[in-house]
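Scroll down for the structure; my scribbles are underneath it.
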Amino acid sequence: MQTQDYIQKQFTIYDHYPLFSPYLYTVWKVQRTTMYVAMRIRTNEPFQLRCFCRTFSGTGIVETTDGIFELPPNSLILLDVRTILRYFPKKGKWEYYWYNFTSDAPIPFFSLNKVYTIEMNYSETLLDEEMFRIMQNYDDTNIMLTTTLFVEIVYRWIRYCRDEIDNTLPHCDKIKEVIAYINNNIQKDISVNELAEKCFLSERYFRSVFRQFTGLSPKQYICRQKLKKIAMLLKTSSQTINELAADFNYSSPFQLSRDFKKYYGTSPKAYRENS
């Protein structure tokens, strides 16, 4: 008897962003009871050394040329190492992780000299300990793997912060469901009224809360997601512009080409040829 294969779970990624690719220099796990006076780095160095300081127990004080920062448990701060003057526990013992790195690309989400509150969980602790375990054996592969784990930690911090922000917005769960529906049905002709009804909201109010959540109107978001999916298909399939226009409910290939060029700055044909 022949069994039938079936897909249990599936997802497709068609959003691609510049990756945060740091050069990780040092990672410290510290228990501090005394003051540390920072060694000043020459200002003519060709790179900008940054650090994340992450408190997991006690409270630390970091003094920089930009200000004085108090770092209680579950706090995180991004600093320019050149500005640091000294740091010490506010009282008793201060336990923290310290990550020194540089990056050619902008650091996502985080601003310098801002204290963030991010609950420290077991997954983060495991990632940190895995970094120390791996680097007991120093080689190229382990350096890349350790850097990858650091990037994962940073994006987990970002995810936590964004979830905290999202959860303060009205009808957060319903809007997330609508966004998932849009992305899973992007080739359908989706109306704003249909989305509003899914949230049991008036169309006018739905437009308002959707824009608060995404920064875009529902139509703008749908259009943007369609174009991203089309861009992926231009790279990975042989579908013609006419076929893509029909599949994604554009009135004509001309309309698709016009919207695509407005978003990507080039025509679908040129985008495919240059991919």
Margin query: With a sphere of 6.0 Å drawn around CE of Met35, does it hold more than 12 non-hydrogen atoms of other residues, nucleotides or ligands?
Written below: yes

Checklist line | Atom pair CG (Leu71) and CD1 (Ile61), whose distance is rounded to the nearest 0.5 Å | finding: 7.0 Å

Notebook entry, point to check: Can you find a pair of side-chain heavy atoms, one from Lys93 and one from Ser57, that are under 4.5 Å apart?
Noted result: no

Checklist line | Hydrophobic cluster identity match, Ile84 and Ile107, side-chain contacts under 4.5 Å | finding: no

Check: Does any non-hydrogen side-chain atom of Tyr221 lie less than 4.5 Å from one of Asn183?
Finding: yes

Margin query: Taking Glu70 first and then Lys90, would you say they form a salt bridge - that is, a charged N and a carboxylate O separated by under 4.0 Å?
Written below: yes

Check: Is there a path from Leu233 to Tyr264 through hydrophobic residues (I, L, V, M, F, W, Y) whose side chains come within less than 4.5 Å of each other?
Finding: yes

Notebook entry, point to check: Taking the six-membered ring for Trp, are the ring centroids of Tyr36 and Trp94 within less than 6.0 Å of each other?
Noted result: no

Next item on the list: Would you please test Phe101 and Val27 for side-chain contact (heavy atoms from CB on, under 4.5 Å) and show each step?
Entry: CA-CA 9 Å; Phe101 67 96; Val27 180; over 6 Å; no

Check: Is Val81 reachable from Tyr25 through a run of I, L, V, M, F, W or Y residues, each pair having side-chain heavy atoms under 4.5 Å apart?
Finding: yes

Item checked: Tyr23 and its side chain to side chain donor-acceptor pair (under 3.5 Å) partner, picked from Asn100, Asp104, Thr147 -> Asp104

Notebook entry, point to check: Does a side-chain heavy-atom distance below 4.5 Å link Phe206 with Lys198?
Noted result: no

Next item on the list: Any chance you could lay out the side-chain contact (heavy atoms from CB on, under 4.5 Å) test for Leu76 and Trp157, step after step, and finish with the verdict?
Entry: CA-CA 9 Å; Leu76 174 75; Trp157 290 337; 3.5 Å; yes

Next item on the list: Mind running side-chain contact (heavy atoms from CB on, under 4.5 Å) on Leu244 and Leu234 for me, showing each step along the way?
Entry: CA-CA 9 Å; Leu244 289 170; Leu234 288 170; 3.7 Å; yes

Item checked: Nearest non-hydrogen partners of Arg156 and Leu127, listed with the distance -> NE-CD1, 3.6 Å

Check: Could you give the distance from NZ (Lys114) to OG (Ser75), rounded to the nearest 0.5 Å?
Finding: 14.0 Å

Next item on the list: Could you pull out the closest heavy-atom pair between Lys176 and Asn167, with the gap in Å?
Entry: NZ-OD1, 4.0 Å

Check: Of all heavy-atom pairs between Leu227 and Asp259, which one has the smallest distance, and what is that distance?
Finding: CD1-O, 3.6 Å

Checklist line | Side-chain heavy atoms of Glu194 within contact of Tyr181, under 4.5 Å | finding: yes

Next item on the list: Compare all side-chain heavy atoms of Asn121 with those of Thr125 and state whether any distance is below 4.5 angstrom.
Entry: no

Notebook entry, point to check: Given side chains that start at C-beta, do those of Pro22 and Leu24 come closer than 4.5 Å, heavy atoms only?
Noted result: no

Next item on the list: Would you check if Lys269 and Glu273 make a side-chain contact, meaning some heavy-atom pair closer than 4.5 Å?
Entry: yes

Next item on the list: Would you indicate whether Arg162, at its atom CZ, is surrounded by more than 12 heavy atoms from other residues, nucleotides or ligands within a distance under 6.0 Å?
Entry: no

Checklist line | Aromatic ring pairing Phe110/Phe52, orientation class (parallel under 30°, perpendicular over 60°, tilted between) | finding: perpendicular

Note to self: Grouping I, L, V, M, F, W and Y whenever their side-chain heavy atoms are under 4.5 Å apart, do Met120 and Tyr99 come out in a common cluster?
What the structure shows: yes

Check: Stepwise, does the side-chain contact (heavy atoms from CB on, under 4.5 Å) test hold for Lys261 with Thr266?
Finding: CA-CA 5 Å; Lys261 188 170 185 179; Thr266 188; 5.7 Å; no

Margin query: Using a 6.0 Å cut-off, check whether atom OH of Tyr155 has over 12 heavy atoms from anything other than its own residue.
Written below: yes

Checklist line | Side-chain touch Pro73/Thr59, heavy atoms, less than 4.5 angstrom | finding: yes

Notebook entry, point to check: Which atom pair, heavy atoms only, marks the closest approach of Leu79 to Ile77?
Noted result: CD2-CD1, 3.7 Å

Notebook entry, point to check: Rounded to the nearest 0.5 Å, how far apart are NZ of Lys229 and CD of Gln187?
Noted result: 5.0 Å

Check: When you measure from the centre of the six-membered ring of Phe132, is the NZ or CZ of Lys29 under 6.0 Å away and within 45° of the axis?
Finding: no

Margin query: Quick check for you: to the nearest 0.5 Å, what is the distance between Ile153 atom CD1 and Asp128 atom CG?
Written below: 4.0 Å

Check: Phe150 and Ile143: same hydrophobic cluster, using ILVMFWY side-chain contacts below 4.5 Å?
Finding: no

Checklist line | Heavy-atom closest contact (Cys172 atom, Phe213 atom, distance) | finding: SG-CE1, 4.0 Å

Margin query: Which heavy atom of Arg82 sits nearest to which heavy atom of Gln48, and what is that distance?
Written below: NH2-NE2, 3.1 Å

Notebook entry, point to check: How far does OH of Tyr116 sit from OG of Ser111, to the nearest 0.5 angstrom?
Noted result: 4.0 Å

Notebook entry, point to check: Using 30° and 60° as the class limits, which term best fits the ring planes of Trp98 and Tyr96: parallel, tilted or perpendicular?
Noted result: perpendicular

Next item on the list: Hey, could you give me the CD/OG1 distance between Glu130 and Thr146, rounded to the nearest 0.5 Å?
Entry: 8.5 Å

